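Have a look at the structure below before the remarks.
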Amino acid sequence: MKNSAVIAPSILSANFAKLGAEVDEVLTAGCQWVHFDVMDNHYVPNLTFGPMICKALKDYGITAPIDVHLMVEPVDEMIKSFAAAGADYISFHPEATKHLHRSVHLVKELGCKVGLVLNPATPINLIKDVLEDLDIILIMSVNPGFGGQSFIPKTLDKIRAVRRLIDEHNLDIRLSVDGGVKPDNIKQIFDAGADTFVMGSAIFASEDRAATIKQTLAQVN
Ligand SMILES: O=C(CO)[C@@H](O)[C@H](O)COP(=O)(O)O
């Protein structure tokens with residue numbers, strides 16, 4: 001069963017010099033979550049921001065769920081830091097921990113919702129043994145590391161397959177898609193079974209962010 005649609009703007013494409021105001025703007029325009037891309041220049045070839053910025057957003061007064069995507073290796077220390085910084089969801093890549101069950105349960109023990117992330121070439125099998133523990137599955141529709149890349153169409157098959165898996169097991173797991181999601185392909189992604197949509201450049205680089213968000217929401221509601 002699909003959950004209600006959520007748009008999670010990725011702050012990777014925001015203007016960091018005025019991050020609080022940027023996040024306020026997209027939430028006021030109707031987005032429901034904040035997506036927080038953490039890159040370590042090790043798991044992925046790019047470097048972004050850490051738990052201090054997450055805490056700063058919370059202290060600034062952001063109450064929307066903060067959806068942290070850890071592109072780091074290893075993961076356990078960052079899970080602890082982001083839980084302490086106020087993250088609501090913490091997702092990570094199964095290849096980035098030696099002890100998947102332990103890392104999944106670490107997130108839960110710290111009171112956060114837990115997700116696993118599948119890269120375009122990561123087999124779904126890798127998450128099957130912990131499926132029932134998950135709150136969210138994030139399907140990467142680009143190779144992680146950068147905003148502004150093009151959606152890989154083959155990912156639609158993976159979205160359909162994961163949707164079937166969730167429904168066959170009758171589980172309440174959000175299905176999120178991240179990378180190249182735009183107003184002109186979101187309906188296709190929604191129809192394939194996603195209910196959570198991470199959007200970076202499509203929102204933050206838009207000349208009229210409110211109109212883009214309105215147009216996007218109209219297609220998934
Ligand atoms: O995690 C990532 C990239 O690794 C994504 O969250 C991107 O930041 C999405 O950006 P767009 O493709 O929407 O510009």
Side-chain angles (χ1 to χ4, degrees), residues 1-10 12-13 26 30-37 44 65 67-71 89-95 104 113-206 212-221:
M1 188 201 62
K2 246 193 204 179
N3 281 285
S4 56
V6 159
I7 307 290
S10 164
L12 186 61
S13 294
V26 295
C31 294
Q32 301 94 332
W33 292 7
V34 179
H35 185 82
F36 202 95
D37 281 318
V44 289
D67 175 33
V68 172
H69 173 193
L70 294 179
M71 285 162 270
Y89 285 78
I90 300 180
S91 298
F92 58 90
H93 292 253
E95 313 92 324
V104 164
K113 296 198 186 237
V114 63
L116 287 175
V117 191
L118 294 170
N119 285 337
T122 305
I124 298 169
N125 263 349
L126 232 54
I127 65 172
K128 277 193 175 159
D129 285 350
V130 289
L131 187 69
E132 302 197 346
D133 297 321
L134 302 180
D135 298 294
I136 189 163
I137 297 170
L138 175 57
I139 296 186
M140 292 306 297
S141 38
V142 296
N143 287 298
F146 302 93
Q149 303 180 76
S150 298
F151 183 87
I152 299 171
K154 183 94 179 72
T155 313
L156 289 168
D157 293 340
K158 186 172 269 170
I159 300 168
R160 290 188 198 100
V162 173
R163 166 53 57 202
R164 271 198 303 278
L165 188 67
I166 294 171
D167 290 349
E168 276 164 16
H169 289 79
N170 205 17
L171 294 168
D172 181 15
I173 302 176
R174 279 199 165 269
L175 179 48
S176 183
V177 176
D178 181 4
V181 180
K182 314 258 177 231
D184 64 8
N185 63 11
I186 195 165
K187 182 68 169 66
Q188 233 187 334
I189 300 167
F190 174 81
D191 288 343
D195 52 30
T196 308
F197 306 89
V198 177
M199 297 173 74
S201 50
I203 288 179
F204 285 106
S206 168
T212 300
I213 292 165
K214 195 172 164 204
Q215 187 194 352
T216 303
L217 283 167
Q219 296 185 69
V220 294
N221 280 300

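Counting from 1, the numbers follow the sequence of the chain as shown. This structure is a prediction, so every number in the text was calculated from the model and none was measured.
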Sidechain-backbone polar pair: K214 side chain, G30 backbone, donor-acceptor under 3.5 Å: no

Residue pair Q149 / S201, side-chain heavy-atom distance below 4.5 Å: no

Check: S141 side chain, G179 main-chain N or O, donor-acceptor pair, under 3.5 Å: yes

Side chain K2, main chain R163, donor-acceptor under 3.5 Å: no

Heavy-atom pair with the smallest gap, counting every atom of S13 and F204: O-CB, 3.2 Å

Donor-acceptor contact present, side-chain R174 to main-chain S4, <3.5 Å: yes

Side-chain heavy-atom pair L12, F146 within 4.5 angstrom cut-off: no

Atom pair CD1/CG of I173 and D135 - distance to nearest 0.5 Å: 8.0 Å

Minimum side-chain heavy-atom gap Q219-P183 below 4.5 Å: yes

Donor-acceptor contact below 3.5 Å, side chain D195 vs main chain N3: yes

Minimal non-hydrogen separation, V130 against V104, with atom names: CG2-CG2, 4.3 Å

I137 vs L131 side-chain heavy atoms within contact, under 4.5 Å: yes

Closest non-hydrogen atom pair, S206 against T212: OG-OG1, 2.6 Å

Distance-only side-chain donor-acceptor flag, D67 / H69, under 3.5 Å: no

Residue among T196, L138, V6 satisfying side chain to side chain contact (heavy atoms under 4.5 Å, CB included) with H35: L138

Side chain proximity check, V162 to L118, heavy atoms < 4.5 angstrom: yes

Separation between CD1 of I166 and CG of L175, rounded to the nearest 0.5 Å: 4.5 Å

N185 (side chain) donor-acceptor with G180 (main chain) under 3.5 angstrom: yes

Q32 side chain vs A5 backbone, donor-acceptor pair below 3.5 Å: yes

Test item: I7 and I213 side chains (from C-beta on) under 4.5 Å apart, heavy atoms: no

